[in-house]
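Report on the structure given below.
Heavy-atom basis, side chains included; hydrogens, waters and symmetry copies ignored. Below, chain A is the first sequence line, B the second, and so on; all start at residue 1.
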Number of protein chains: 2
Amino acid sequence: MKNLLDVVSGPFEPHAVRITTRKRQKLSLAAQPDEVLYLIRKGLYLSRAPIPHARHQVLGILYPGDLVRTLAVPPLEGAEIMAASEKGEVWRLRWPAVKALMDERHDLARIVSDRLADQAARGTLHNAVIAGLTGDERVAALMVELALRTGKETAAGLVFEMPLSRMDIAEHLALNPDTVSRIVSRMRAKGLLAAAGRRHLVCPSFDELAQSCPLTSTIARMHKVDRLLPA
Amino acid sequence: MKNLLDVVSGPFEPHAVRITTRKRQKLSLAAQPDEVLYLIRKGLYLSRAPIPHARHQVLGILYPGDLVRTLAVPPLEGAEIMAASEKGEVWRLRWPAVKALMDERHDLARIVSDRLADQAARGTLHNAVIAGLTGDERVAALMVELALRTGKETAAGLVFEMPLSRMDIAEHLALNPDTVSRIVSRMRAKGLLAAAGRRHLVCPSFDELAQSCPLTSTIARMHKVDRLLPA
DNA sequence: TCGCGCGTTTGATCGCGGTCAAGGAGACCT
DNA sequence: AGGTCTCCTTGACCGCGATCAAACGCGCGA
């Protein structure tokens, strides 16, 4: 069965430059002579940008299958993609090559377009999270998202990856690192979460976690990954 | 000379349902049998959604030439497009018709895709505004945006439309209406802004306004409307 | 002209989350 | 083992913006 990632990978493969990354490695999003398209293949990445006279912002979390097109990122000086996972893989394509491919294969054009639309929707949803929810609810929203994306059922509950440092989380949720730490401690105390090794968390009861974020149902609909597969 | 709006309007025209709107009139974004595409023709619109147990959020401001595709809006119960200007015009198209058109005309597919990418970038930028700036800076950012979009030079300074109520602004900037009122009063006191009739503001010195928002240069680059015209 | 209603303004007070600072827990190197 | 570096935790305090409440202004219809 083909998954979301394979669908785009096939046609791109002959034109892609493969890049493997280690944690915190950065790829520049500065304007290039040709527009560039990145395809996330493995691992989680963060798209980030500095704000003048302030801290960096994490503009979005990128998952395998996601596409990053330079034009769809605002022209912020110093924008970049940063690897969050220990090991990751990205493919880089020059946009003219992508265009040529899409002119040959309409289905590909449509898939790329749909993927970008979906990511735009995720961005908008994140907007609503930041704008409308309290600190506790924002953190819960992030945990729900990662649990849905990377979670695996075990006897102890749902185990999921947490490749983001406290600072990363803070930059993503528009909080500050100390506050994030406090909120996570509080969630641990309530039994909503527990540590599971360096880079994983366990959620003993997903339902309880889900209830601490008003937008859970929408987040769930957006992060059921296979929604968008062509028939 | 063709502008951004005409470029998409031509091919869509025979398939579009024209809708003229009065202030505060709403168009539903609820999932339809077929996906839907709206093209903004005249006036300013807000895309909005309610947050469970909280106030509505304004997810974005839509300008003439903007496209709204259902798939690019997160599945929030009660999402809608609301007319902000006194009079406006929108075209509605069924997505299957748009797809068919794009299969015939590759340049159209590319233009639609680029427009949506650009709007995604604006969304991301707005994210950075909400997440990284203080209340005063956010309001300044909005004023800069509207001044660039709708402003006209006069003897008294740059006159621009302000079709948003205090409440709309608050919902857009993740502030509360009282705070917005206070901030705007403060800006008036400093001479950054002045009223110019019911629905317009004057900005005596755009440079001073620009300096009160750290992201002005990026906002300016994003809202120079004709950036994206095909050659 | 008056009365009504809605949006706005402004003051007083509160509380969430930011800031600053000290201390702790690992990872890694020598 | 000791040292150092980075990240995390926790406490004490502060300030921006939220909340509540009262008054104001303006449009609109009777």
Protein-nucleotide distance ([X], atom [atom1]; [N], atom [atom2]), rounded to Å:
| X | N | atom1 | atom2 | result |
| --- | --- | --- | --- | --- |
| A:Leu175 | D:dC16 | CG | C1' | 15 Å |
| A:Glu86 | C:dA27 | CD | P | 12 Å |
| B:Leu133 | D:dC16 | CG | P | 16 Å |
| B:Arg198 | D:dC28 | CZ | C1' | 12 Å |
| A:Asp136 | C:dG15 | CG | C1' | 13 Å |
| A:Glu171 | C:dG17 | CD | C1' | 17 Å |
| A:Ile169 | D:dC7 | CD1 | P | 13 Å |
| B:Arg199 | D:dC26 | CZ | C1' | 12 Å |

Between D:dC8, D:dG17, C:dT8, spot the one nearest the side chain of A:Arg166, thanks.
D:dC8
Any salt bridge linking A:Arg69 with A:Glu35? Criterion: basic side-chain nitrogen under 4.0 Å from a carboxylate oxygen.
yes
A quick test of your reading: do over 12 heavy atoms of other residues, nucleotides or ligands sit less than 6.0 Å from CZ of A:Arg22?
no
Using a cut-off of 4.0 Å on non-hydrogen atoms, how would the nucleic acid contact of B:Ala174 be classed: base, sugar-phosphate, or nothing?
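Sugar-phosphate contact only - B:Ala174 comes under 4.0 Å of backbone atoms but never of a base.
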Taking the inter-plane angle between the rings of A:His223 and A:Tyr63 on a 0 to 90° scale, is it parallel (under 30°), tilted (30 to 60°) or perpendicular (over 60°)?
perpendicular
So, with a heavy-atom separation below 4.0 Å from DNA chain C, the residues of residues 176-187 of chain A are A:Asn176, A:Asp178, A:Thr179, A:Arg182
Taking atom types as modelled, is there a side-chain donor on A:Asn127 or A:Thr124 under 3.5 Å from an acceptor on the other?
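Looking only at side-chain atoms, A:Thr124 and A:Asn127 do not form any donor-acceptor pair under 3.5 Å.
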Residues B:Thr21 and B:Tyr45: side-chain donor-acceptor under 3.5 angstrom
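The answer is yes; a qualifying pair exists.
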The residue among B:Leu175, B:Asp178, B:Leu173 that forms side chain to side chain contact (heavy atoms under 4.5 Å, CB included) with B:Ile183 is B:Leu175
Using a cut-off of strictly less than 4.0 Å, decide whether A:Arg188 has a side-chain nitrogen or oxygen near OP1 or OP2 of D:dT9.
yes
